[in-house]
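Below is a structure I'd like to ask you about.
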Amino acid sequence: MIKITYYVGTNDKDTLKPELFKRDFIKVFDELFKDYTLIEAIGKFTNKNNKTTEELSLVVTTFIEVYNKVVLRQHIQHNCSILKERLNQESILVEMVKPEIMFI
């Protein structure tokens, strides 16, 4: 299994302020991911004006059973394209790892 974690900021990419509600983000996550874990965090980044911006970040973790690197990257690119477009984000940080896991 591959663990994929998407770090999604909630500020609008142009106004640098929250323009959507958390429920709007969750609706998109529900459409993209069958099973996932959602964690809320505070993210900070340097904006285009070279100032620090703080925002609510949503961390979405999901597991898939894809072992082909090309298919995995296509899957992630597809999801990020939808997230960026629908949630008006400049970018999505993605982490993918192959952990040793067990369901006990």
- Query: Closest approach of N47 and N49, non-hydrogen atoms and distance?
  - Reply: OD1-N, 2.7 Å
- Using the side-chain contact (heavy atoms from CB on, under 4.5 Å) rule, take M1 and E65 through it: C-alpha gap first, then chi angles, then the decisive distance, then the call. CA-CA 5 Å; M1 271 194 182; E65 293 195 36; 3.6 Å; yes
- Does Q89 use its side chain to pair, donor to acceptor, with the backbone of L83 at less than 3.5 Å? no
- Item | Candidate pair I4 and V94, rule side-chain contact (heavy atoms from CB on, under 4.5 Å), full reasoning | CA-CA 7 Å; I4 305 172; V94 180; 3.8 Å; yes
- Item | hydrophobic_cluster_shared for I64 and L38, side chain cutoff 4.5 Å | yes
- Query: Would you say the side-chain atoms of Y7 and E95 include a donor-acceptor pair closer than 3.5 Å?
  - Reply: yes
- Message: Test of understanding: with salt bridge (charged side-chain N to carboxylate O under 4.0 Å, His left out), list the residues that count as partners of E54, not counting sequence neighbours.
- Response: K44
- Task: Decide yes or no on side-chain contact (heavy atoms from CB on, under 4.5 Å) for K51 and T46, but give the supporting numbers first.
- Result: CA-CA 5 Å; K51 298 198 182 208; T46 303; over 6 Å; no
- Query: More than 12 foreign heavy atoms under 6.0 Å from CD of E19: is that the case here?
  - Reply: yes
- Residues passing the side-chain hydrogen bond (donor to acceptor under 3.5 Å, both in side chains) test with Q74, sequence neighbours excluded, are none
- Query: What closest approach, in Å, do M96 and R73 show between heavy atoms, and which atom pair accounts for it?
  - Reply: CE-NH1, 3.4 Å
- Query: Do you reckon I82 sits in the same ILVMFWY cluster as Y6, going by side-chain contacts under 4.5 Å, direct or chained?
  - Reply: yes
For residues 26-35, tabulate all N or O donor-acceptor pairs below 3.5 Å that involve a side-chain atom, not counting sequence neighbours.
unit_1: D30; atom_1: OD1; unit_2: Y36; atom_2: OH; d: 2.5
unit_1: E31; atom_1: OE1; unit_2: R86; atom_2: NH1; d: 2.8
unit_1: E31; atom_1: OE1; unit_2: R86; atom_2: NH2; d: 3.1

- Query: Do the side chains of L20 and V60 join up, straight or via other hydrophobic residues, at under 4.5 Å, putting them in one cluster?
  - Reply: yes
- Heavy-atom nearest pair, F63 first then P99, reads CE2-CG, 4.3 Å
- Task: Search all heavy atoms of D24 against all heavy atoms of L87 and return the closest pair with its distance.
- Result: O-CD2, 4.3 Å
- Item | Separation of L16 CG from N11 CG (nearest 0.5 Å) | 6.5 Å
- To the nearest 0.5 Å, atom CD1 of I101 lies from atom CD1 of I2 at 9.5 Å
- Please round to the nearest 0.5 Å and tell me the distance separating atom OG1 of T10 and atom NZ of K17. 13.0 Å
- Query: For the residue pair K84 and I92, what are the closest heavy atoms and their distance?
  - Reply: CG-CG1, 3.6 Å
- Closest approach of I42 and S57, non-hydrogen atoms and distance? C-OG, 4.4 Å
